[in-house]
Amino acid sequence: MGWIYVFLAGLFEIGFTISLKLSQNFSVLLPSLTFVVCAAASFGLLTQAIKFIPLGTAYAIWTGIGAFGTALAGIALFGESASALRLGLLAVLVGTIVALKFASPEKTQANPEG
């Protein structure tokens, strides 16, 4: 269950970073509200994930998903660079996220003691 939480938290991180860009320094209402909702959901889901996944692993995967998705959104929505080097490094990031998942098995139940 923790992996689902951290994956969803990462998706909401992508949502809040895109909303941050679209809010124009919080001067546009709808993207500003979307930022608040996505940020709250992202942190709430990350909080649930760390009940099942080690903190460092959950945080690394959360930020990795957010960084990867935000970079792709920047390319698709904002015309940012899609150079071969950048795309290759994003592929390495995805590989690292997958490897971390397999290197950190989920606890069978939420237990703050480990």
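Keep in mind that the numbers below use all heavy atoms, side chains included, and drop hydrogens, waters and symmetry copies. Start at 1 with the first residue, then count along the sequence.
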Quiz item: Which residue pairs satisfy the salt bridge (Lys or Arg N to Asp or Glu O under 4.0 Å) criterion with at least one member in residues 77-87, sequence neighbours excluded?
Solution: E80-R86
Quiz prompt | Qualifying side-chain hydrogen bond (donor to acceptor under 3.5 Å, both in side chains) pairs, either residue in residues 64-77, two or more places apart | solution = T17-T70
Self-check item: Non-hydrogen atoms of A58 and V6 that approach each other most closely
Solution: O-CG2, 3.4 Å
Quiz item: Shared ILVMFWY cluster between L22 and V36, side chains joined below 4.5 angstrom?
Solution: yes
Quiz item: Taking only residues two or more places apart in sequence, or in another chain, which ones meet L45 in a side-chain contact (heavy atoms from CB on, under 4.5 Å)?
Solution: Y5, L8, A9, F12
Exercise. Report the residues that fulfil side-chain contact (heavy atoms from CB on, under 4.5 Å) with I65, sequence neighbours left out, ordered by chain and then residue number.
Key: F7, I14, I61, I97
Quiz item: Linking I/L/V/M/F/W/Y whenever their side-chain heavy atoms sit closer than 4.5 Å, directly or via other members, would L72 and V94 fall into one cluster?
Solution: yes
Practice problem: Kindly write out the residues that satisfy side-chain contact (heavy atoms from CB on, under 4.5 Å) with A40, not counting sequence neighbours, or none if the list is empty. | Solution: none
Quiz item: Can you list every pair that meets salt bridge (Lys or Arg N to Asp or Glu O under 4.0 Å) and has a residue in residues 2-18, with sequence neighbours left out?
Solution: none
Exercise. Would you mind listing every ring-ring contact (aromatic ring centres under 6.0 Å, His included) that reaches into residues 75-106, with sequence neighbours excluded?
Key: none
Quiz item: Taking all non-hydrogen atoms of both residues, which atom of I18 and which atom of A73 are closest, and how far apart?
Solution: CD1-CB, 3.5 Å
Enumerate donor-acceptor pairs with a distance under 3.5 Å from any side-chain N or O in residues 27-34 to protein atoms, sequence neighbours excluded.
| residue | atom | partner | partner atom | Å |
| --- | --- | --- | --- | --- |
| S27 | OG | Q24 | O | 2.6 |
| S32 | OG | V28 | O | 2.6 |
| T34 | OG1 | L30 | O | 2.9 |

Quiz prompt | F35: partners by ring pair (Phe, Tyr, Trp, His ring centres under 6.0 Å), with sequence neighbours left out | solution = F16, F26
Self-check item: Of all pairs that satisfy side-chain hydrogen bond (donor to acceptor under 3.5 Å, both in side chains), the ones with a partner from residues 53-69, not counting sequence neighbours
Solution: S42-W62, T57-S104
Quiz item: Hydrophobic clusters join Ile, Leu, Val, Met, Phe, Trp and Tyr when side-chain heavy atoms are under 4.5 Å apart, directly or via other members; which others share one with L85?
Solution: L89
Exercise. Give, for atom CE of M1 and atom CD1 of I53, the distance between the pair rounded to the nearest 0.5 Å.
Key: 11.0 Å
Quiz prompt | Residue pairs fulfilling salt bridge (Lys or Arg N to Asp or Glu O under 4.0 Å) with at least one residue in residues 18-32, sequence neighbours excluded | solution = none
